[in-house]
Amino acid sequence: MAKNTSHYTGKDIQVLEGLEAVRKRPGMYIGSTGPIGLHHLVYEVVDNSVDEALGGFCTAIEVVIAPDGSVAVTDNGRGIPVDKHPKMKKPTLEVVMTILHAGGKFGGEGYKVSGGLHGVGVSVVNALSTRVEVETKRDGSIWKQSYERGKPTGPVTAIGKSKATGTKVTFWPDPEIFETTHFDYDTLLTHLRETAFLNKNLKITLRDERELEPRTAEFKYADGIKDFVKYLNRNRETVNSKIIYLNGEDKGASVEVALQWNQSYSDSTLAFANNINTTEGGTHLEGFKNALTRTINDYARRQNILKEKDENLSGDDIREGLCAILSVKLTDPQFEGQTKTKLGNTFMRGLVQNIITQGLAEFLEENPRPARAIVNKAAQASKARAAARKAREATRRKGLLESSALPGKLADCSIADAALSEIYLVEGDSAGGSAKQARDRSFQAILPLRGKILNVERAGLTRALSSEEIQAMITAMGTGVGEDYDITKARYHKCIIMTDADVDGAHIRILILTFFYRFMREAIEQGYVYIAQPPLYKLAVGRKSDYAYSDAELQALMADLPENAKYNIQRYKGLGEMNPEQLWETTMDPATRTLLQVTIPDAMAAEDAVSELMGGDVEPRKDFIQTHAKDVRFLDI
Ligand code: 28F
């Protein structure tokens with residue numbers, strides 16, 4: 001990537017809209033006012049620092065969550081200029097903080113390659129915070145300005161001297177705007193780790209000072225995306241022990257990719273454009289896939305591993321077990337798609353394809369051993385896929401996966417409108433029994449699942465299809481599976497996973513999620529998959545009882561009790577301990593229940609947890625789930 005040596009001046013800034021618009025329609029600028037939008041505030045500020053790092057001016061970023069609910073981000077970049085902006089007649093610092101789209105990202109000339117998901121700039125964070133304080137060290141002084149709901153409370157003032165340079169932004173998210181203002185340490189941790197992987201040698205630290213015992217983490221990766229792949233494959237058996245790294249640049253854009261195959265059946269390719277996770281893919285990913293498929297087929301033929309009569313290996317065969325990070329950087333990224341995470345710039349397709357084709361062909365020629373292992377793995381996948389197709393056709397002929405032959409264990413609902421129908425996937429026959437009694441049979445169906453469902457991450461489709469539990473799920477859902485998946489045939493628009501609040505329940509939950517992620521991904525993408533939230537405790541006072549869904553909630557309920565009150569606490573170990581009325585009221589009644597909607601990152605985390613679980617020793621398994629069940633985070637709705 002060419003270094004950006006041009007100097008910004010205040011006149012580069014374009015005034016587009018006032019911050020009032022941001023407060024009126026926050027969703028337009030940060031996507032949502034739920035927990036995801038809240039965390040975007042942090043990413044937006046951090047991205048400013050990352051831009052400084054991309055320009056070569058900043059080497060360290062620190063993020064601190066304070067007990068008062070604020071987040072402070074500090075970098076050691078050049079500091080934001082405080083000179084008077086010629087057009088705005090105000091200090092540049094104030095312009096950057098208070099005027100929408102002031103940052104050069106939309107200005108054309110002064111380019112920035114990074115930018116948060118919505119690339120909206122720090123003024124949006126300012127508009128959506130009750131208070132912001134900025135300190136910038138520059139030209140020998142420390143300058144400061146504060147704001148309330150986007151408006152300066154005073155001028156930019158020198159508050160001291162310093163030879164250092166850098167920027168610190170502290171903000172307090174506005175509870176009038178956000179549904180929750182609680183920052184989740186693990187969410188920030190995961191994002192910042194990813195940011196560090198994508199920005200080689202950039203040191204990022206996170207500190208949570210809200211607890212007596214502060215939590216801290218520090219990331220700095222000398223090998224960037226190669227370290228990312230190493231991390232993702234840490235619990236997997238690999239096919240090529242050395243990670244393949246390819247890169248190149250052209251037309252002011254850069255491309256880099258790191259690749260390593262593992263013995264699983266899944267494709268874990270992540271594609272980034274300007275550090276943004278392009279989950280909807282786009283031209284860069286298409287170019288990568290084309291190059292991979294062609295180059296590996298060419299090599300397989302040249303080496304006579306594929307014979308003349310053989311069909312080409314398919315892209316899916318080649319990507320089975322692949323863990324890859326593709327990261328491109330370009331000056332004027334076009335983001336398209338529903339969630340604006342699909343790269344649209346057409347020139348990227350050819351650019352990525354050329355760079356990867358060249359680099360990969362060379363690698364394969366020079367490294368015959370890993371090259372053969374990779375091609376053999378794809379050839380195996382191809383055979384397995386053909387066998388799976390046959391098995392599927394056979395099951396289909398037998399009618400096993402057709403909705404006409406619903407599983408015997410399914411207690412279906414009576415209405416036919418899929419949009420209003422729900423299916424509960426319930427752990428165990430006894431809980432299934434309670435759920436059947438508790439449900440509203442008009443729109444709620446119950447499918448009890450016995451024991452641990454097969455680990456599909458390991459098993460692949462053929463074996464998965466031979467599992468009775470999995471067949472029952474597929475048939476009940478009505479959509480088919482894998483390549484045959486057809487969401488328009490869904491018999492329910494809510495698939496609700498309901499498991500016990502214990503270790504086994506957590507295990508079953510991540511296995512079911514992995515199943516959805518592998519074979520019915522669109523169901524997750526369309527928001528059809530949910531997790532039920534049964535209560536952990538019942539607090540009974542006299543005839544009245546309250547339910548608590550977390551330890552914190554129980555504490556809160558107890559704190560509200562009158563002095564000397566006689567009470568009884570029941571801890572629910574399983575769904576079976578609740579009677580049907582309680583189960584309905586706490587977990588199944590749409591009027592009172594809480595459902596957590598599953599997102600793709602949740603499902604990815606679940607799959608990751610499964611592989612860690614299965615890859616590691618058997619002994620620490622139970623410990624593992626206890627600590628990691630929480631890591632499978634879900635978005636509150
Ligand atoms: C904690 C968040 O926001 N860091 C930043 C800089 C550095 C420059 C800058 C920022 C001027 C005209 C906008 C310095 N020297 N961390 C941050 N570090 N903004 S934000 O310039 C702002 C531009 O348009 C900077 C020379 N050029 C730029």
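For ligands, and for the atoms within them, numbers begin at 1 and follow the listed sequence. Since we're looking at a predicted model, the values are computed, not measured. Numbering starts at 1 and runs along the sequence shown.
Selection from E135, H85, K168, R78 by nearest heavy atom to atom 27 (N) of ligand 1 gives R78. The residue from V134, V169, I80 that puts a heavy atom closest to atom 20 (S) of ligand 1 is I80.
Residues forming a salt bridge (Lys or Arg N to Asp or Glu O under 4.0 Å) with D267 (at least two apart in sequence, or on another chain): R319. For E286, the salt bridge (Lys or Arg N to Asp or Glu O under 4.0 Å) test picks out R349, with sequence neighbours left out.
Between R234 and D608, at least one side-chain nitrogen of the basic residue sits less than 4.0 Å from a carboxylate oxygen of the acidic one, meeting the salt-bridge criterion.
Atoms of ligand 1 found under 4.0 Å from any heavy atom of V73 (numbered from 1 in listed order, with element): 1 (C). The contact set between ligand 1 and T167, taken as ligand atoms under 4.0 Å from a residue heavy atom, comprises 1 (C), 3 (O), 4 (N), 5 (C), 16 (N), 17 (C), 18 (N). Less than 4.0 angstrom separates some heavy atom of N48 from each of these atoms of ligand 1: 3 (O), 17 (C). The distance from ligand 1 to the heavy atoms of V45 drops below 4.0 Å at these ligand atoms: 1 (C), 2 (C).
A pairwise comparison of heavy atoms in L330 and A273 identifies CD2-CB, 4.5 Å as the closest pair. Taking each heavy atom of Y517 and I600 in turn, the nearest pair found is CE1-CG2, 4.2 Å.
The N/O atoms of T74, backbone and side chain alike, include none that comes under 3.5 Å of an N/O atom in ligand 1. Between T92 and ligand 1, no N or O atom pair is found at a separation short of 3.5 Å. Considering backbone and side-chain atoms together, R138 places an N or O closer than 3.5 Å to an N or O of ligand 1.
Between the side chains of Q338 and E280, no donor-acceptor pair of N or O atoms lies under 3.5 Å.
For the pair K137 and K168, the minimum side-chain heavy-atom distance is 4.5 Å or more.
Contact annotation: for P81 versus ligand 1, heavy atoms closer than 4.0 Å belong to the side chain alone. Proximity of D75 to ligand 1, defined as any heavy-atom pair under 4.0 Å, is confined to the side chain (atoms from C-beta onward).
The closest approach between G79 and ligand 1 falls below 4.0 Å for a heavy atom of the residue. Ligand 1 has no atom lying under 4.0 Å from any heavy atom of G77.
Residue Q526 places its CD atom among more than 12 non-hydrogen atoms of other residues, nucleotides or ligands, all under 6.0 Å distant.
Relative ring orientation between F219 and Y221 is described as parallel, the plane-to-plane angle staying below 30° on a 0-90° scale split at 30° and 60°.
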